[in-house]
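Working notes for the structure below.
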Amino acid sequence: MGGSGRWGGGGRLGAVLCAVPGVRAVRAYRREWLSKDIVAGVVLTTLLVPQGMAYAELAGLPAITGLYTSILCLLGYAVCGPSRILVLGPDSSLGPMIAATVLPLVAADGDPDRAVALASMLSLMVAGIMILASTARLGYVAELISKPTMIGYMNGLAVTILVGQLPKLLGFKVDAEGLVDECVAVVEGVADGEGVGAAVAVGCGGIVLILALQRWLPRVPAVLVMVVLAIGAVITFDLQERGVALVGVLPEGFPPLTVPDVGLDDFGPLLAGALGIAVVSLADTISNASAFASRTGQEVRGNQEMAGVGAANLAAGLFQGFPVSTSGSRTAVAERAGARTQLTGVVGAGLIVLMLVLAPGLFRHLPQPALAAVVITASLSLADVPGTVRLWRQRRIEFLLCLAAFLGVALVGVLEGIAVAVGLSVLNVFRRTWWPYETVLGWVEGLPGYHDIRSYPAAEQLPGLVIYRFDAPLIFANAKTFRDEVTRLSRSEPAPEWIVIAAEPMTDVDTTAADVLEALDESLNSRGVHLVFAELKDPVRRKIVRYELTRTIDERHIFPTVEAAVAAFRSR
């Protein structure tokens, strides 16, 4: 017995290890998957390298940090992520948020080491938020942003990214903050003749080539083809001498384990940025995981996904990386290439390490306008113009929410824009509860039940009886609206004797509403009008009893169905 107690910890450790998604994946791995995962990993790497470098510069960081980030987040998610093929990495939607958080904190001389330290700490803070949220089972937080406001946010982000990359695409720099100021600065730069013709040719040619290949030859690695051709053009035509900026030789080797050194004064702004990044990253992760899980028959486990994304950000933050999210485009590439498991990402990470160790100068002739082309084409995929048009045609109020979120990003700022998007989503939910749909019901010949008189103007109503439906829980925000409408109905001609509340949509009654109901019932009783309830849900009825509303509302005036209430009125 002593032996079993001594080794009991080993059994528990084994159980814990088996609960880790990466360990489970290894135990269930099939030999026939190996060749497919390796091939998919090689294909994926051709996208990871240029996109990682481009998105790092989008975040205001050295290009090499994009490769460091890609390596570590792939390994971190492979160990802790539940999805078989979801690919994480630097993301175009997070780049502007990282830049908006980090760059204001960087010293005036733009110290890149300080920027990297701040971005790494930001990644660690995102990791902490994700892991804590996973432990608290807060996966539903992703639902705080409605689809219309997310469409508006992403449209604003796409425009912001595109405008921000125009100077690099045109071969000059601008000193401006905010979308409007950047647009003005770009126009002024072009008017002043600051553009570099060779840079424009490389950048615009790269955009056209990527979009054309993605449209007509989707299986061809468009970004890789463009990058190879751009490097070839630089070497062939000596474009550096013509004013085209190059990436240059990347640092050799792998970064050491590093705890970011940042001051206490930086933690407040970093936390605000980390919260916004965590919300967007979580929304991206859940939507992408759902889309790809439906194809493979997997279930989406939101809390485990948060833990996996948290682990990826933790690994990146400890090795000079920055916050990451899932990537729909890279996951689609891996899927089309035949990926079966997260070994695809591990292969990709290993190949990037080999490149850094053996061939750090491989991309030294890569032109900066080509990276701008990568970012701009990615930004175009963020925009959802058809979705915006559909909102305009189908539901104008949600189109206005979409437009407000867009303007929040474009005019207020990227980080502030996510706060606007979340706030608008919450306010829209509150608006629907504050001003719910309400109507009077009547009897329609040939149709069972009682129906909205707005939809059926010929519906009949019994003299002395009004059936009123209020499509919301009765709470503090709408109790007075309910009271005012019932009061108005009670004073209509001919005067009703009963006002039947068709209460099936009424999922709650809070204490404020209960007080309003009590006063309303007493006021109606004084004028000979009875307040009657039908189809009250059992939990709501129990609350009415607990609030002691039955002192004024006669329990005999609570009926299981509207039909029963009407029958009781007829038989009086």
Side-chain angles (χ1 to χ4, degrees), residues 50-63 66 90 92-93 95-96 98-100 103 110 112 115 155-214 222-248 363-383 409-411 413-414:
Q51 281 195 345
M53 297 166 67
Y55 296 160
E57 297 201 342
L58 175 62
L61 301 168
S92 57
S93 64
I98 297 168
L103 295 186
N155 287 344
L157 206 58
V159 173
T160 301
I161 292 172
L162 192 152
V163 172
Q165 292 297 303
L166 284 179
K168 186 187 293 186
L169 189 78
L170 301 175
F172 61 89
K173 295 182 179 181
V174 299
D175 184 14
E177 292 184 4
L179 182 63
V180 175
D181 290 343
E182 286 184 346
C183 288
V184 172
V186 169
V187 172
E188 290 177 347
V190 173
D192 293 340
E194 296 181 20
V196 177
V200 174
V202 170
C204 293
I207 292 173
V208 171
L209 180 61
I210 291 174
L211 294 178
L213 290 176
Q214 289 177 342
V223 172
L224 177 63
V225 171
M226 187 277 293
V227 165
V228 171
L229 291 178
I231 292 174
V234 168
I235 297 172
T236 303
F237 301 106
D238 197 15
L239 296 184
Q240 187 174 12
E241 295 299 321
R242 298 173 181 267
V244 176
L246 306 181
V247 169
F363 290 93
R364 65 182 181 276
H365 293 299
L366 177 61
Q368 290 286 356
L371 291 183
V374 172
V375 174
I376 288 174
T377 52
S379 74
L380 296 178
S381 68
L382 294 178
V409 177
L411 302 180
V414 174

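As a basis for the values below, the full set of heavy atoms in this structure was taken, side chains included, without hydrogen atoms, waters or symmetry mates.
- Between atom CD1 of residue Ile161 and atom CG of residue Leu179 there is a gap of 11.5 Å, rounded to the nearest 0.5 Å.
- Screening residues 172-199 for salt bridge (Lys or Arg N to Asp or Glu O under 4.0 Å), with sequence neighbours left out, gives no hits.
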Using the rule given for side chain to side chain contact (heavy atoms under 4.5 Å, CB included), can you reason through Ser92 versus Val375, listing the C-alpha separation, both sets of side-chain angles and the distance that settles it, and then say yes or no? CA-CA 7 Å; Ser92 57; Val375 174; 5.6 Å; no
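- At least one side-chain heavy atom of Leu380 sits less than 4.5 Å from a side-chain heavy atom of Leu162.
- Looking at heavy atoms from C-beta onward, Pro369 lies in side-chain contact with Val244 at the 4.5 angstrom threshold.
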Evaluate the side chain to side chain contact (heavy atoms under 4.5 Å, CB included) criterion for residues Leu213 and Val225: first the C-alpha distance (whole Å), next the side-chain angles of each, then the deciding distance (0.1 Å), finally the verdict. CA-CA 9 Å; Leu213 290 176; Val225 171; 3.9 Å; yes
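- Residue Leu371 holds its CG atom at 11.0 Å from CG of Leu58, rounded to the nearest 0.5 Å.
- Looking at Val174 and Leu166, their side chains never come closer than 4.5 Å, going by heavy atoms from C-beta outward.
- A distance of 10.5 Å separates CG in Leu382 from OG1 in Thr160, rounded to the nearest 0.5 Å.
- Contact between Gly156 and Val409 at its shortest, heavy atoms only, is C-CG1, 3.6 Å.
- Closest approach of Ala230 to Val202, counting heavy atoms only: CB-CG1, 4.4 Å.
- Within the 4.5 Å cutoff, the side chain of Leu211 has heavy atoms near those of the Gln214 side chain.
- In this structure, Ile98 CD1 and Leu103 CG are separated by 10.0 Å, a value rounded to the nearest 0.5 Å.
- Side-chain contact between Val247 and Arg364: absent, with no pair of heavy atoms (C-beta onward) separated by less than 4.5 Å.
- Residues Val190 and Leu170 are in side-chain contact: their nearest non-hydrogen atoms beyond the backbone lie under 4.5 Å apart.
- The shortest heavy-atom contact between Met53 and Phe363 is CE-CB, 4.2 Å.
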Stepwise, does the side chain to side chain contact (heavy atoms under 4.5 Å, CB included) test hold for Val374 with Gln51? CA-CA 7 Å; Val374 172; Gln51 281 195 345; 3.9 Å; yes
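- Inter-residue side-chain proximity for Val186 and Pro167 is flagged as met; some heavy-atom pair is nearer than 4.5 Å.
- Smallest separation of non-hydrogen atoms from Pro112 and Pro62: CB-CG, 4.2 Å.
- The backbone N or O of Ala233 sits nowhere less than 3.5 Å from a side-chain atom of Thr236 that would complete a donor-acceptor pair.
- Atom CE of Met226 sits about 8.5 Å away from atom CD1 of Ile207, to the nearest 0.5 Å.
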Criterion side chain to side chain contact (heavy atoms under 4.5 Å, CB included) on Leu157 and Ser379, from CA distance to verdict: CA-CA 8 Å; Leu157 206 58; Ser379 74; over 6 Å; no
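- For the pair Ile376/Ile210, no side-chain contact is recorded, criterion being any heavy-atom separation below 4.5 Å from C-beta on.
- In plain terms, the two heavy atoms of Ala373 and Gly206 that are nearest each other are CB-C, 4.0 Å.
- For the residue pair Gly66 and Pro90, the shortest heavy atom distance occurs at O-CG, 3.8 Å.
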